[in-house]
2 protein chains.
Amino acid sequence: MNAPDILEDAERHCSKTGVRLTPLRRRVLELVARANAPVKAYDLLSQIDRANASAKPPTVYRALDFLIDAGLVHRVEALNAFVACPQAGHGHAAVLYICEACTKVTEVQGARPGQEHKPRSFTVKRSVIEHYGRCANCQ
Amino acid sequence: MNAPDILEDAERHCSKTGVRLTPLRRRVLELVARANAPVKAYDLLSQIDRANASAKPPTVYRALDFLIDAGLVHRVEALNAFVACPQAGHGHAAVLYICEACTKVTEVQGARPGQEHKPRSFTVKRSVIEHYGRCANCQ
DNA sequence: TTCCGGATGTGATAACATAACAAAATGCAA
DNA sequence: TTGCATTTTGTTATGTTATCACATCCGGAA
Ligand SMILES: [Zn+2]
Ligand SMILES: [Zn+2]
Ligand SMILES: [Zn+2]
Ligand SMILES: [Zn+2]
């Protein structure tokens with residue numbers, strides 16, 4: 001999914017859910033979406049900083065927290081990085097396939113993996129599922 | 001699994017595979033195993049430091065890297081923490097269930113979740129699978 | 001003994017993230 | 001419109017996590 005579509009989708013989603021996609025947050029989302037790869041918080045910061053010298057770490061981390069809560073961005077835990085979600089607000093059940101050669105990330109939704117072997121009476125609130133390897137183009 | 005059993009298991013595993021479980025590495029593994037919970041690198045460092053004032057961050061990170069490569073310890077990505085593996089050298093397919101109330105971690109092996117929705121021709125090298133929620137005792 | 005490679009020691013710094021408080025912007029009701 | 005509460009952003013500082021680069025040590029092979 002490309003950046004303009006993600007932005008448009010995000011606008012719709014935020015209108016519907018009543019959360020405020022401010023210019024700063026929109027800018028951060030746009031940078032994440034354009035990256036087309038997992039992007040680091042401090043890389044975002046230096047990009048924002050070119051237009052807005054007042055940008056500091058909390059600026060970008062707060063925006064990212066908002067975007068994650070809103071379901072517009074996912075955190076890639078094992079990379080300390082962030083990707084735009086191709087389907088705004090689908091919930092937190094994303095499964096990520098991350099190519100270590102070209103950095104491309106493919107997101108799969110709706111799967112509820114691992115539940116088969118779940119310990120008895122364990123209640124899952126949130127899952128982190130990241131598969132690292134090689135995509136079709138990088139075999 | 002308790003700490004002495006994990007240590008004994010680790011000795012066996014290292015003998016068999018020919019890797020060197022040095023005193024420092026054994027000490028770090030022992031600290032991780034005793035913790036019975038995800039433990040932070042700098043917490044390990046301060047514990048080591050009580051006996052060995054020369055311990056510095058690379059000391060503990062190198063030991064942890066070794067233990068992870070040897071399959072004796074897993075990194076909990078979303079916590080920046082480490083847990084002892086209850087079954088030395090089973091491979092890297094661990095699925096972790098992490099209770100956010102009592103920090104207890106249950107490891108399930110052998111599951112290959114998420115593969116059903118895998119993008120065509122994606123070759124998975126390593127998976128990070130962490131489920132956060134409440135264990136049976138903490139409902 | 002000498003050399004070599006793996007392991008550890010050491011100091012510095014990079015990379016990632018949050019706390020705490022101030023100021024500004026926004027929305028709303030009187 | 002004015003005042004007030006709430007949210008958002010600015011700002012300074014610091015906390016936390018991780019790695020680099022180079023030195024030293026130590027055990028085994030030649
Ligand atoms: Zn998503
Ligand atoms: Zn690729
Ligand atoms: Zn394991
Ligand atoms: Zn629990």
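Every chain is numbered from 1 and lettered A, B, ... according to where its sequence line falls, protein lines coming before strand lines. Values below: all heavy atoms of this structure, side chains included; hydrogens, waters and symmetry mates excluded.
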Trainee: Quick one: on DNA chain D, does A:T59 or B:D65 contact a more 5' nucleotide (nearest heavy atom)?
Mentor: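 By nearest-heavy-atom nucleotide position, the 5'-most residue is A:T59.
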Trainee: Any side-chain N or O of B:S54 below 4.0 angstrom from OP1/OP2 of C:dT10?
Mentor: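 Checking C:dT10 against B:S54, a side-chain N or O does come within under 4.0 Å of OP1 or OP2.
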Trainee: Can a salt bridge be assigned to the pair B:D9 and B:R12 using a cut-off of 4.0 Å between side-chain N and carboxylate O?
Mentor: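 Looking at B:D9 and B:R12, the cut-off is met.
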Trainee: Does anything in residues 9-39 of chain B reach DNA chain C, meaning a heavy atom under 4.0 Å, and if so which residues?
Mentor: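 Heavy-atom cutoff 4.0 Å gives B:R20, B:T22, B:L24, B:R25.
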Trainee: Can A:R34 and A:N2 be counted as having a side-chain donor-acceptor contact under 3.5 angstrom?
Mentor: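 Result is no, nothing qualifies.
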Trainee: Ignoring backbone atoms, test whether B:N52 places a side-chain nitrogen or oxygen under 4.0 Å from the OP1 or OP2 oxygen of C:dG9.
Mentor: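 So the side-chain polar atoms of B:N52 do come within 4.0 Å of the phosphate oxygens OP1 or OP2 of C:dG9, strictly under.
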Trainee: Tell me which nucleotide among D:dA18, C:dA17, C:dT8 gets nearest to the side chain of A:F82.
Mentor: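 Side chain of A:F82 sits closest to C:dA17.
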Trainee: When the distance from CG of A:D43 to C1' of C:dA14 is rounded to whole Å, what number comes out?
Mentor: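 Going from A:D43 (CG) to C:dA14 (C1'), I get 13 Å.
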Trainee: Is there a donor-acceptor pair closer than 3.5 Å between any side-chain N or O of A:E130 and the backbone N or O of A:A78?
Mentor: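 Checked: pair present.
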Trainee: Do A:T123 and B:Q139 get their side chains close enough for a donor-acceptor pair, meaning under 3.5 Å?
Mentor: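 B:Q139 and A:T123 do have a side-chain donor-acceptor pair below 3.5 Å.
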Trainee: Figure out the CD/C1' separation between B:E77 and C:dC16, and round it to whole Å.
Mentor: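 Roughly 14 Å, once rounded to whole Å.
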Trainee: It should be established whether B:N80 places a side-chain nitrogen or oxygen under 4.0 Å from OP1 or OP2 of nucleotide D:dT16.
Mentor: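 So the side chain of B:N80 is outside the cut-off, no N or O lying under 4.0 Å from OP1 or OP2 of D:dT16.
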Trainee: Between D:dC22 atom P and B:K56 atom NZ, what is the distance in whole Å?
Mentor: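 Value for this atom pair: 19 Å.
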Trainee: Any side-chain N or O of A:K40 under 4.0 Å from OP1/OP2 of C:dC16?
Mentor: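 Checking C:dC16 against A:K40, a side-chain N or O does come within under 4.0 Å of OP1 or OP2.
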Trainee: Starting from C1' on D:dA18, measure out to CG on B:L45 and report it in whole angstrom.
Mentor: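 After rounding, the reported distance stands at 12 Å.
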Trainee: If stacking means aromatic ring centre less than 5.5 angstrom from the base's six-membered ring centre, planes under 30°, is A:Y42 stacked on C:dC16?
Mentor: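 Aromatic stack with C:dC16 present for A:Y42.
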Trainee: Provide, to the nearest angstrom, the distance between the CG atom belonging to B:D69 and the C1' atom belonging to C:dA7.
Mentor: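 Roughly 15 Å, once rounded to whole Å.
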Trainee: In this structure, how many angstroms lie between the P atom of C:dA17 and the CG atom of B:L79, rounded?
Mentor: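 Computing the B:L79:CG to C:dA17:P distance gives 13 Å.
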Trainee: What pairs meet the salt bridge (charged side-chain N to carboxylate O under 4.0 Å, His left out) rule with one or both residues in residues 43-55 of chain A, with sequence neighbours excluded?
Mentor: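 Output for this query is empty, none listed.
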Trainee: Measure from the side-chain heavy atoms of A:Y61 and tell me the nearest of D:dA18, C:dT10, C:dA17.
Mentor: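 That would be C:dA17.
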Trainee: With respect to the side chain of A:R62, which nucleotide from D:dT9, C:dT8, D:dT19 is positioned closest?
Mentor: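 It is D:dT9.
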Trainee: What's the separation between atom CD in B:E107 and atom SG in B:C85, rounded to the nearest 0.5 Å?
Mentor: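 Separation between the atoms: 4.0 Å.
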Trainee: How many Å lie between CG on B:D49 and C1' on C:dT8, as a whole number?
Mentor: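 These atoms are roughly 15 Å apart.
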Trainee: Not counting sequence neighbours, list each pair that qualifies as a side-chain hydrogen bond (donor to acceptor under 3.5 Å, both in side chains) and has a residue in residues 14-28 of chain A.
Mentor: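 Non-adjacent pairs meeting side-chain hydrogen bond (donor to acceptor under 3.5 Å, both in side chains): A:E11-A:R26.
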